Visitor: 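Take a look at this one; I'll ask things after.
These figures come from a predicted structure and were not determined experimentally. Along the sequence shown, residues carry numbers from 1.
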Amino acid sequence: MLSGVLIEEILDLQPELLANPVCSGEPTTISIDQNYDTYLWSTGESSATIIVSEEGEYYVTVSNGQGCEGEGHIVIQSLDSPEPVILGS
């Protein structure tokens, strides 16, 4: 039996970011797969979800109640607009 030993669990926070495909100029929501105590996005926002309208790479730093931090990122790229071909007879 050990006496006076402190066992500390190290938490590795790696938030998974989720977003839907977006058409050029249209907004999309980026959200996080889990709940954390704090959020700080590269946009300066501090909520669990953000809405973006521009292509680019977005980062978030999260923390839990034990003071552990983790970071995640996602790249938002616009889908090409469909170009229909009209055929005549």
Visitor: State whether the side chain of Asn64 and the backbone N or O of Tyr36 hold a donor-acceptor pair below 3.5 Å, judged by distance alone.
Guide: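 It does not hold such a pair.
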Visitor: In Å and rounded to the nearest 0.5 Å, what is the OG to CD distance from Ser63 to Glu71?
Guide: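 The distance works out to 12.5 Å.
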Visitor: Rounded to the nearest 0.5 Å, how far apart are OG1 of Thr38 and CD of Glu69?
Guide: 6.5 Å
Visitor: Consider only side-chain heavy atoms of I, L, V, M, F, W and Y, link residues closer than 4.5 Å, and tell whether Val52 and Tyr39 are in one cluster.
Guide: yes
Visitor: Looking at CD of Glu55 and CD of Gln77, how far apart are the two atoms once the value is rounded to the nearest 0.5 Å?
Guide: 6.5 Å
Visitor: So, does Trp41 use its side chain to make a donor-acceptor pair with the main chain of Tyr59 at under 3.5 Å?
Guide: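 Not at all, since once roles are kept as given, no pair shorter than 3.5 Å links the two residues.
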Visitor: Among all residues two or more places apart in sequence or in another chain, which pass the side-chain contact (heavy atoms from CB on, under 4.5 Å) test with Pro84?
Guide: none
Visitor: Please determine whether residues Val60 and Leu40 belong to a single hydrophobic cluster, defined as Ile, Leu, Val, Met, Phe, Trp and Tyr linked transitively by side-chain heavy-atom distances below 4.5 Å.
Guide: no
Visitor: Is the number of heavy atoms from other residues, nucleotides or ligands under 6.0 Å of Glu54 CD greater than 12?
Guide: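 No, CD of Glu54 has 12 or fewer neighbouring heavy atoms, counting only those of other groups under 6.0 Å.
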Visitor: Hey, could you give me the CD1/OG1 distance between Ile51 and Thr43, rounded to the nearest 0.5 Å?
Guide: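 With rounding to 0.5 Å, CD1 (Ile51) is 11.0 Å from OG1 (Thr43).
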Visitor: Roughly how far apart are Glu45 CD and Ile50 CD1, rounded to 0.5 Å?
Guide: 5.5 Å
Visitor: Other members of the hydrophobic cluster containing Leu87, with the 4.5 Å side-chain heavy-atom rule, please.
Guide: Val85
Visitor: Hey, what do you get for CD1 (Ile32) to OG1 (Thr49), rounding to the nearest 0.5 Å?
Guide: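 That separation rounds to 8.5 Å.
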